[in-house]
Structures are given as structure tokens and as C-alpha cells.
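In what follows, a single structure is set out as C-alpha cells and then discussed.
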Amino acid sequence: MASALEDPALQRHFKGHKDAVTYVDFSPDGKQLASSSADACVMIWNFKPQSRAYKYPGHKEAVTCVQFSPSGHLVASSSKDRTVRLWAPNIKGESSVLKAHTAVVRCVNFSSDGHTFITASDDKSIKAWNLHRQRFLYSLTEHTNWVRCARFSPDGRLIASCSDDKTVRIWDITNRLCINTFVDYKGHSNYVDFNPMGTCVASAGVDSTVKVWDIRTNKLLQHYQVHNAGVNSLSFHPSGNYLLTASNDGTVKILDLLEGRLIYTLHGHQGPVLSVAFSKSGDQFASGATDAQVLVWKTNFDKYNIKEIVKLQQKRTCPEAPPHLNDIYPKTPHLHTSSGHSIEINPMFELADTQTFDPPIIDVGANFPYCRQLIQKYSRTR
């Protein structure tokens, strides 16, 4: 199917990792992209033309997650080597190492004010850290199995976490207590995150489903079964109207949350997709997969009114008899499946000139001095 102006478009793909890309994250200013990999390295990609990419090989085992601090001056990474590292994302690549977990660290996430970050681990705990002092603060320990993911709410007052114990938990930071638990008996979630308003959480399930929960009413709002295999990651558009999902079925899908429907299925990776992320402005998104590639896409559809996109897609997929849309603001958490029409995009079939971007890569040595003062300096900057 020919692409239209409102369709997301592949801008470039980055090659540099030697194994699966486990996580991707945009810098706050949108000028850089961080990626982590099973090759035990963190990479920082610069979007400026002809800029070099930085490769940081400090971890001893696979890196599971990477994230920019809200200021953009620091990058945190977690690893199967049971450590967390804080990096200065430049050519010097200074880093400090934090240890407290007793098993694989799956996830790292900063609070919106940049003062605190949390980590989730196979030791069944979530740990909170003070960034400036690089000091462990406290643990949350009610999960009974591996904790796959933990994320702060936008206002920093809550934490959402998911575990192999088949629960999604909501935690109150002030009291350090679990205030709500959502249970899914069909399987555990791989990833969880808050919507930009902080009123809902979405979970990516190993059972191939995506669920959206209202944390005010403690009810399931939407239930999507649009993938053919487990869902590994998701990301909300800054508007809160769209949701990106990544799956073992090798696709990235885009859900229209207001209409309650699948609108795009994106191909391009050769293997399971492990991570997706919108940029902070929402005009781009990135995906990482087991094929060791990072794909960067231009969003495009966010420039259009949702109703306009629906009408345009109806004309393309059902030119004679467009289906009636009955999924607007569903009152019950009925199942949304992929049986409806969605636009399939495979950039390998497009004639447009997408940039294959293999920038020069600087392999930053892991022997740079321990720079606590530098990390403390950057942690003060917001």
C-alpha cells in the first residue's frame, strides 16, 4: 500500500551494536538517542549530520535498559551484571558504578525532577536512589517474583511496576506502600508505564495483549490483542492519544487510544522488537530489536486531527463501505483485536530515500577515571 503524508516514515537506521538492542531513549532536547544492548555496551547516537556515535563498554554483561536524565546531562544504564552505571554522554564517557541489587537489574527510570531514580531487579525488589549523592534510599519489596519494570508517574508521587508474579502494582512514594494491585492471571507483563497525565497505566503482556488501567477508578479501560506474540515494550505519545507497542512478532504497532483501534503496523526489523520510545516532542519515535538495529521514524500522524486520520484510512482500506467505528471512549473494557483494518508499512518496499546512517563510532574506553564530582555537577543541573 502506498504511503500517505500522514503515515509514519522511516528516517534512518543506526548500526553499531553487535547483539540485540534492548532499550532506546531520546534525550530531552531530541538531539541524541541512547541505546542499550546485549553486547554489554551503551551507545549514544547524535542526530546532527556527520556526527560521531559514542560506544561505552563498561558493563560486564548485557545492558538491559538505558535512560537520559531529565536534564540530558547524564545517562543511567542497568545490566545483567547486577550494577547500575551513570554516564556523562560525551567523548570522555566518565561513569560511576552503583551496586545494591543481588540479581539482574532489568530497568532504570528517573523522576521528573531529576533528583531520584529507581531500579527494578530479578531480586524481586525496586530500589530508589538519590542521584546527587549516588546513594541508595529504600526498597519496595512486595513483589514475589522478578520485577521486569518500574516507572515513576509524571508528577513523581507514584511508581508503577510489573513482575513475573503476574501483578502490576502502584506504589505511593511518600508512604512507600503499595496502594493498588492489578492482577492478570493469563501471564505477566514485560513493561508498564504511565500516560502523560498520570491517570492511567498501560501494560505490555507476555500473552500478546496490551491493557490500559485507570488508576483513579482501579478499572481496566482498554484491552488490545493486536499482536501475534508477546509484547515487550510500549510508549505513550506526549499528547496521550497514541500508544506505540513492540512485540516478538517483529512489528511495531500504533494504537489510537481515543478511537480504541489499531491504526498502523510497522515492519522493518528482522526479528523480535524489544523496545520503542517516542521523543519528548512526539515528532519522532525509535525502535530497537534482536537484529541489533535501531530504527528512527518520523511520526507524521500526530500533525493531523484523529478524526481526519480515521476518514483517510477508511478511504484507503474500505473505499466502498467504510466500517462503523464503535470503539470511541469504550464504557466497558471490551477486547480490541486486529481483525479491523490497519495500514501496513514496510519501508523495505518504499522507493523513498531513507537514510542508512552508519556514523563513525568512537569506542570510549572503560578505563576513564571514576568521576563522582562530574556526576554530582551534572545531577545539580536540571
Side-chain angles (χ1 to χ4, degrees), residues 1-10 191-205 208-214 219-228 231-247 249 251-268 273 276-287 297-319 321-346:
M1 182 177 292
S3 293
L5 292 177
E6 72 274 13
D7 291 346
L10 181 64
Y191 196 90
V192 66
D193 200 8
F194 287 89
N195 71 337
M197 270 76 76
T199 57
C200 300
V201 294
S203 60
S208 78
T209 66
V210 174
K211 296 180 179 179
V212 181
W213 310 81
D214 190 323
K219 292 183 179 180
L220 178 64
L221 284 182
Q222 294 180 328
H223 180 194
Y224 296 91
Q225 192 163 353
V226 294
H227 284 288
N228 297 320
V231 186
N232 296 311
S233 178
L234 51 80
S235 178
F236 281 96
H237 187 270
S239 68
N241 296 336
Y242 303 101
L243 187 68
L244 279 176
T245 60
S247 170
D249 64 14
T251 68
V252 171
K253 292 183 185 282
I254 301 169
L255 305 175
D256 176 350
L257 298 179
L258 296 186
E259 298 285 349
R261 66 195 292 266
L262 169 67
I263 55 175
Y264 289 107
T265 297
L266 308 182
H267 303 268
V273 187
V276 285
F278 274 111
S279 64
K280 304 305 182 284
S281 63
D283 62 342
Q284 291 179 301
F285 60 92
S287 57
W297 304 76
K298 182 72 173 175
T299 304
N300 290 333
F301 58 82
D302 64 337
K303 302 296 188 295
Y304 291 78
N305 180 279
I306 291 178
K307 292 183 178 180
E308 292 177 351
I309 293 178
V310 171
K311 289 180 180 179
L312 290 169
Q313 289 201 350
Q314 286 177 352
K315 290 180 180 179
R316 295 165 68 189
T317 60
C318 300
H324 175 66
L325 296 177
N326 58 3
D327 285 339
I328 299 177
Y329 296 108
K331 295 181 181 180
T332 58
H334 60 287
L335 180 64
H336 302 270
T337 69
S338 57
S339 57
H341 296 281
S342 73
I343 304 298
E344 300 268 344
I345 297 177
N346 191 332

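All figures in this text were calculated on a predicted structure; none of them were measured in a lab. By convention here, the first residue in the shown sequence is residue 1.
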Task: side-chain contact (heavy atoms from CB on, under 4.5 Å) between Thr245 and Leu255, intermediate numbers included - done: CA-CA 8 Å; Thr245 60; Leu255 305 175; 4.2 Å; yes
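- Rounding to the nearest 0.5 Å gives a distance of 8.5 Å between NZ of Lys298 and OG of Ser279.
- Between Thr299 and Gly282, the closest heavy-atom pair is OG1-O, 2.8 Å.
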Task: Derivation of the side chain to side chain donor-acceptor pair (under 3.5 Å) call for Asn232 and Tyr191 - done: CA-CA 6 Å; Asn232 296 311; Tyr191 196 90; over 6 Å; no
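- Among all heavy-atom pairs drawn from His227 and Ala246, the shortest one is NE2-N, 4.4 Å.
- When every heavy atom of Cys200 is checked against every heavy atom of Leu221, the shortest pair comes out as SG-CD1, 3.7 Å.
- In plain terms, the two heavy atoms of Pro8 and Ile254 that are nearest each other are CG-CD1, 4.0 Å.
- Of the inter-residue distances, the one linking Leu262 atom CG with Ile343 atom CD1 reads 9.5 Å to the nearest 0.5 angstrom.
- Between the CD atom of Gln225 and the OG1 atom of Thr209 there is a distance of 6.5 Å, given to the nearest 0.5 Å.
- Inspection of the Thr251 and His267 side chains reveals no N or O donor paired with an N or O acceptor under 3.5 Å.
- Across every non-hydrogen atom of Ser239 and Met197, the tightest pair is O-CE, 4.3 Å.
- The aromatic rings of Phe285 and Phe301 lie tilted to each other, with the angle between the two planes from 30° to 60°.
- Checked against side chain to side chain contact (heavy atoms under 4.5 Å, CB included), Ala202 has the following partners two or more places apart in sequence or in another chain: Val212, Leu234, Phe236, Leu243.
- Ring pair Tyr242/His237 is perpendicular by interplanar angle, where above 60° counts as perpendicular and below 30° as parallel.
- Taken to the nearest 0.5 Å, the CD atom of Gln222 stands 12.5 Å off from the CH2 atom of Trp213.
- Of the N and O atoms on the side chains of Ser203 and Lys211, not one donor lies less than 3.5 Å from an acceptor on the other residue.
- Taking each heavy atom of Gly240 and Leu257 in turn, the nearest pair found is O-CD1, 3.6 Å.
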TODO: Apply side-chain contact (heavy atoms from CB on, under 4.5 Å) to the pair Trp297 and Ser287, showing each step before the final yes or no.
DONE: CA-CA 8 Å; Trp297 304 76; Ser287 57; 3.6 Å; yes
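- In this structure, the side chain of Asp214 does not engage the main chain of Lys219 through any donor-acceptor pair within 3.5 Å.
- Note that CD1 of Ile345 is 9.0 Å distant from OG1 of Thr265, once rounded to the nearest 0.5 Å.
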